[in-house]
Amino acid sequence: MKQPFMKKLVEILIAASAFMLALMMFLTTLDVFLRAAFNSPIPGAFELVEYMMAVLVPFGIAYCAFHNSHIAVDLIMDRFSSKVRSVTNMAVTFISLVFVILISWQNILYFWEVKSFNTTSAVLHVPAFPFVIPTALGFAVFALILIRQIASRFKEEKQE
């Protein structure tokens, strides 16, 4: 069962991600058109696309995790019993949770580092620190989703 709060949060993240993707496509198309037609590309278009990717990817990862649609190769796992698959799934989910929490935590630390050094982009001098937040947020939501998955698997195990 999907939790309404988590579902709403993931919907907001994927809407932001879709908006960034649309902006990226528009900006890239306009940049290519201006370069080809007038030999005048948009200054800083490449770095803006890089910043937009910093929003698109982590929010997309959280969406993918919520819908449990990450790529899985079952070539070997299909040969094991359901109990072995269940234990392996739980172990992989727990290990993933540890790494996702570390990624989120390190991005929070990185945010403060980038903010304190006033890091900016090379061409447009856009501050970099706001674009570290989506990675921390996306992976924090991913961690919450993994916690929910672990809890539901424990619940399923107790019911069996």
Given Phe111, Tyr51, Tyr110, the one that forms ring pair (Phe, Tyr, Trp, His ring centres under 6.0 Å) with Phe129: Phe111
Derivation and outcome, side chain to side chain donor-acceptor pair (under 3.5 Å), residues Arg153 and Thr93: CA-CA 10 Å; Arg153 285 190 185 134; Thr93 304; 2.5 Å; yes
I'd like to know if [Y] and [X] are part of one continuous hydrophobic network [Ile/Leu/Val/Met/Phe/Trp/Tyr, side-chain heavy atoms within less than 4.5 Å].
X: Val126; Y: Phe117; result: no
X: Val55; Y: Val114; result: no
X: Ile133; Y: Val100; result: no

Any Phe66 side-chain heavy atom under 4.5 Å of Phe142 side chain: no
With a 3.5 Å distance limit and no angle check, can you tell me whether [X] reaches the backbone of [Y] through a side-chain donor-acceptor pair?
X: Thr88; Y: Val84; value: yes
X: Ser116; Y: Glu113; value: yes
X: Ser17; Y: Leu56; value: yes

Pair Leu27-Met52, side chain to side chain contact (heavy atoms under 4.5 Å, CB included): steps then yes or no: CA-CA 11 Å; Leu27 179 62; Met52 290 178 205; 3.9 Å; yes
Criterion side chain to side chain contact (heavy atoms under 4.5 Å, CB included) on Trp112 and Lys115, from CA distance to verdict: CA-CA 5 Å; Trp112 292 111; Lys115 186 168 174 38; 4.1 Å; yes
Pair Val10-Ile145, side chain to side chain contact (heavy atoms under 4.5 Å, CB included): steps then yes or no: CA-CA 10 Å; Val10 169; Ile145 292 166; 4.0 Å; yes
